[in-house]
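Report on the following structure.
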4 protein chains.
Amino acid sequence: MSPKIVDKNARRLEIAAVAGVLFGKYGFDKVTVDSVAKAAGIGKGTVYEYFQNKEALIDGAFETLMTHMMTHMTDTLDLTLRPLDALRKLTFSMVDALNHVGEQYGFFLEYILMLNRGGGNAGILTGMLTEYRQMVGGLLEAAVDAGQVRANLDIANAAASYAAWFDGAIFHWMTIQSPDLKTLATAFWDFFVSGITPREEAQIA
Amino acid sequence: MSPKIVDKNARRLEIAAVAGVLFGKYGFDKVTVDSVAKAAGIGKGTVYEYFQNKEALIDGAFETLMTHMMTHMTDTLDLTLRPLDALRKLTFSMVDALNHVGEQYGFFLEYILMLNRGGGNAGILTGMLTEYRQMVGGLLEAAVDAGQVRANLDIANAAASYAAWFDGAIFHWMTIQSPDLKTLATAFWDFFVSGITPREEAQIA
Amino acid sequence: MSPKIVDKNARRLEIAAVAGVLFGKYGFDKVTVDSVAKAAGIGKGTVYEYFQNKEALIDGAFETLMTHMMTHMTDTLDLTLRPLDALRKLTFSMVDALNHVGEQYGFFLEYILMLNRGGGNAGILTGMLTEYRQMVGGLLEAAVDAGQVRANLDIANAAASYAAWFDGAIFHWMTIQSPDLKTLATAFWDFFVSGITPREEAQIA
Amino acid sequence: MSPKIVDKNARRLEIAAVAGVLFGKYGFDKVTVDSVAKAAGIGKGTVYEYFQNKEALIDGAFETLMTHMMTHMTDTLDLTLRPLDALRKLTFSMVDALNHVGEQYGFFLEYILMLNRGGGNAGILTGMLTEYRQMVGGLLEAAVDAGQVRANLDIANAAASYAAWFDGAIFHWMTIQSPDLKTLATAFWDFFVSGITPREEAQIA
DNA sequence: CATGAATGAGTATTCATTCAT
DNA sequence: TATGAATGAATACTCATTCAT
């Protein structure tokens, strides 16, 4: 009922978003609370009205980033398409989006490192990765049902592999810009499809 | 000329190795030069005898790590096997090794982030990644010649995809320990082979 | 806008003054920023709120000292006296003052050395010395008009010589306390006056 | 009898001279023992064979500088000239010399500051200044005897004033290069002579 | 005698956090 | 509620000095 609560939350998200951009660009330790405040157009003390400390700020920033990415995914997911086509569309849409949020992605990586070292809220990330795998898994399952994918596919691990490939590709692309992300994705998709679609027989030695 | 006999290079590598472990465990900014010195059993000033500054220390540590990893790869590479088998062996050997250098791998990720933000020596990393892709590409090419892999495979991109998957898998594994790396690798391998081996025909919609 | 009312400029001058005393007593390099803070009764970080770095602190201290000295001179300058008498009064008043700011004077010397080596703001000092010479030159000129000084005196260089003597005298006095500054000044004044006042004829060989 | 003693002393003087140049150029605190060693073409440890510590090094450097200056003075002193002319020659010769040892002079000033703050060997400096005043005083006394200077001159204080002027002039010249030292000296000399030479009567108010 | 590798005390500077207004 | 002045803990880096060779 109190309209201020809305304001407070909006302001919170605003600050977190600004912080996320800075963290992505310069890294957690190089970003000062003061620079976040300046970038958000508020006083340094005010940041502490919304976040208990710098750590909380990074958690908030990460949540905001994840929300954006998940929203993008959900929005892009087109259930009128056949499952494998929906996955293809999703894949390339993400590639497109990444060309625009590359810096944020750096922040994403860094956050994972922080978690690994005991800082941050691991739950957020685990949950998000699980959700990501499940979305892909769900599509693959539907594709099995639709006969687009071979029935004996280990869906959970295929989804995990897909996701791993995706993040690894971005990761390498950040290091060497060649080949560009779209080319890499195209080649992968081709090869991914070859691996999962029905076939007469496998002839491995 | 020098009255004190010290193998300056050996000492340098020693310090870099110690630093690498700490950087991997706690991250660059959380590691103090003093802690590196203590861990190496030397005085703080001595670190500065071998490295101009903390940045140089991280470059040195990275070089050391890369050298180790490349050496491990080369050592593991068994050219008496058929190419695809050699690649499989390499893959699982790396997975094994990673269970032991997981922390170092965190350092590896972090270094990439630093490079992306303008610090560090980008050349080392680019070179290493290129070398990694080439090694895999070489094996795939040999596999094509041996008829183990379909002839129309885009080798360069398949190698890049393989490498991307590999790093992405480690990356996700660092975040959620489930499934374990070996399971993930087994599923990927199966599915990778399906994608690259010869087949009657592709039946994609 | 600012909820905390602090006269930033007053605080700045206060810190500079305190720093000036310490610099004078112990020299720039022997004085730590922390000791300045302690002496000013503030925290170390606060010093950096007012001065960008230690160098800025010394510039500020010097400005403060110069302002004090110049104010003292101007206050002492009595224009109701005949010009030469005004200069005499000024001279001895400065001597008196110096017995109290001797330590500061050490800082003054040191600052000049720093300037000579490329640090500090040379403009401040040059301006101050020029002003000092002009004040003396003005008095000598008035004395010429009043017939107290011989008309053919090279005023600019006499003023420069006077100033040089003054600083040199302080300088030697700092080294050997004998003779005391007043005696030295008395002798100089007598002899200075002999050199500049009108005379029948010069009988130099 | 031992020829090594000569060597040792020569080496000592050599190091001190080199140190003096560096101290003059950069200031005591900015000069490292290592840089002195490098400049002297020896090892860092060797410096400590000849000087107990950095402080001793500065004392040695100062002694060397003083010896040079005194030697220059004594060499220049021409007793075949009439006393006042000898003093004039000495003055201008020193001015000439200073154009070449300006940097060393900075060291001289700094040393005085150090003494004033309790470091260094005050005796050396006091002795040297006394000697300097006595040399000038002696010439003035001889000039009185020769009738070149008025008999009622307070010789001790005139000598002290002369010396003070000299150092003050150099000091100002270091700050503002204008007027050049020779011009300043010419004006001073003219005016000094006016003040000390015999005259009919003083007509001061 | 000469050396320079090793050392750690000492210091400038940054920045997260607090709190009076 | 918003602010930014004040603070001091934390840290990279320097350099005089020692001492094994």
Side-chain angles (χ1 to χ4, degrees), chain A residues 4 7-8 11 28-38 40-57, chain B residues 1-8 11 29-38 40-57, chain C residues 1-8 11 29-38 40-57, chain D residues 4 7-8 11 28-38 40-57:
Chain A
K4 281 199 173 171
D7 271 354
K8 259 216 124 179
R11 171 74 65 102
F28 182 71
D29 289 277
K30 296 282 177 293
V31 173
T32 67
V33 173
D34 200 41
S35 71
V36 172
K38 287 274 196 306
I42 58 177
K44 193 190 339 191
T46 309
V47 173
Y48 283 89
E49 292 286 326
Y50 293 91
F51 297 90
Q52 193 156 39
N53 51 33
K54 210 184 163 190
E55 291 276 308
L57 198 56
Chain B
M1 264 289 154
S2 166
K4 221 168 218 172
I5 296 140
V6 179
D7 186 338
K8 283 211 106 181
R11 174 68 68 102
D29 289 280
K30 297 282 178 292
V31 173
T32 67
V33 173
D34 203 39
S35 71
V36 172
K38 288 275 195 306
I42 58 177
K44 190 193 340 197
T46 308
V47 174
Y48 284 93
E49 288 280 324
Y50 292 91
F51 297 90
Q52 195 151 44
N53 51 34
K54 211 183 161 189
E55 290 275 306
L57 197 57
Chain C
M1 267 292 155
S2 165
K4 221 167 218 173
I5 295 140
V6 180
D7 186 337
K8 283 211 105 179
R11 172 70 65 104
D29 290 279
K30 296 282 178 293
V31 173
T32 67
V33 173
D34 203 40
S35 71
V36 172
K38 287 275 195 306
I42 58 178
K44 191 193 335 197
T46 308
V47 173
Y48 284 91
E49 289 281 323
Y50 292 91
F51 297 90
Q52 196 152 43
N53 51 35
K54 211 182 161 189
E55 289 276 305
L57 198 57
Chain D
K4 282 198 174 173
D7 271 356
K8 259 215 124 177
R11 172 73 66 103
F28 182 71
D29 288 278
K30 297 283 178 290
V31 173
T32 66
V33 173
D34 199 42
S35 71
V36 171
K38 287 274 196 307
I42 59 177
K44 194 191 340 192
T46 310
V47 174
Y48 284 88
E49 292 285 327
Y50 294 91
F51 296 91
Q52 192 154 40
N53 50 32
K54 211 183 162 190
E55 292 276 308
L57 197 57

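Chain A is the first sequence line, chain B the second, and so forth, proteins listed ahead of strands; every chain is numbered from 1.
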Subject >> Whole-Å gap separating P (E/dC15) and OH (C/Tyr48) >> reply: 13 Å
Original post:
Using a cut-off of 4.0 Å on non-hydrogen atoms, how would the nucleic acid contact of C/Val31 be classed: base, sugar-phosphate, or nothing?
Top reply: sugar-phosphate
Original post:
To the nearest angstrom, how far is A/Phe51 atom CZ from E/dT18 atom C1'?
Top reply: 19 Å
**OP:** Start with the C-alpha gap between B/Lys54 and B/Val47, add the side-chain angles, then the distance that decides, and say whether side chain to side chain contact (heavy atoms under 4.5 Å, CB included) holds.
**Re:** CA-CA 9 Å; B/Lys54 211 183 161 189; B/Val47 174; over 6 Å; no
Original post:
C/Lys54 has an atom NZ; how far is it from atom P of E/dT14, in whole Å?
Top reply: 14 Å
Subject >> Reported OG1-to-CD1 distance for the pair A/Thr46 and A/Ile42, which is rounded to 0.5 angstrom >> reply: 5.0 Å
**OP:** Would you kindly compare C/Gly43 and A/Thr46 by the position of their nearest DNA chain F nucleotide and give the one closer to the 5′ end?
**Re:** A/Thr46
Original post:
Looking only at side-chain N and O atoms, does B/Arg11 come under 4.0 Å of OP1 or OP2 in E/dA5?
Top reply: no
Original post:
Between the base of E/dT13 and the side chain of C/Lys44, is there any donor-acceptor pair under 3.5 Å?
Top reply: yes
Original post:
How would you label the contact of D/Val47 with the nucleic acid (heavy atoms, under 4.0 Å): base, sugar-phosphate, or nothing?
Top reply: nothing
**OP:** Go ahead and name the base partner of E/dA20; Watson-Crick or wobble counts if both distances stay under 3.5 Å, otherwise write none.
**Re:** F/dT3
Original post:
On DNA chain E, nearest-nucleotide positions of C/Gly45 versus C/Thr32: which is more 5'?
Top reply: C/Thr32
Subject >> Rounded distance (Å) that lies between atom C1' of E/dT13 and atom CG of C/Leu57 >> reply: 13 Å
Subject >> Whole-Å distance separating the CG atom of B/Asp34 from the C1' atom of E/dG8 >> reply: 9 Å
**OP:** Give the minimum heavy-atom separation between D/Tyr48 and D/Asn53, together with the two atoms involved.
**Re:** CE2-CA, 4.0 Å
Subject >> Shortest side-chain distance from C/Asn53, nucleotide among F/dA12, E/dT13, E/dA12 >> reply: E/dT13
**OP:** Measure across C/Lys8 and C/Glu49 and return the closest heavy-atom pair with its distance rounded to 0.1 Å.
**Re:** NZ-O, 4.2 Å
Subject >> Atom-to-atom span, CG of D/Asp29 to P of F/dA16 - whole angstrom >> reply: 9 Å
Original post:
Between E/dT3, E/dA5, F/dT18, which nucleotide gets closest to the side-chain atoms of B/Glu49?
Top reply: E/dA5
Original post:
Side-chain N or O of C/Tyr50 less than 4.0 angstrom from OP1 or OP2 on F/dA6?
Top reply: yes
Subject >> Gap between atoms CD and C1', on B/Glu55 and F/dT11 respectively (whole Å) >> reply: 15 Å
Original post:
Over how many whole Å does the gap from D/Lys30 atom NZ to F/dC15 atom P extend?
Top reply: 9 Å
**OP:** Write down the partner of F/dA10 under the Watson-Crick or G-U wobble criteria, each distance required to be under 3.5 Å.
**Re:** E/dT13
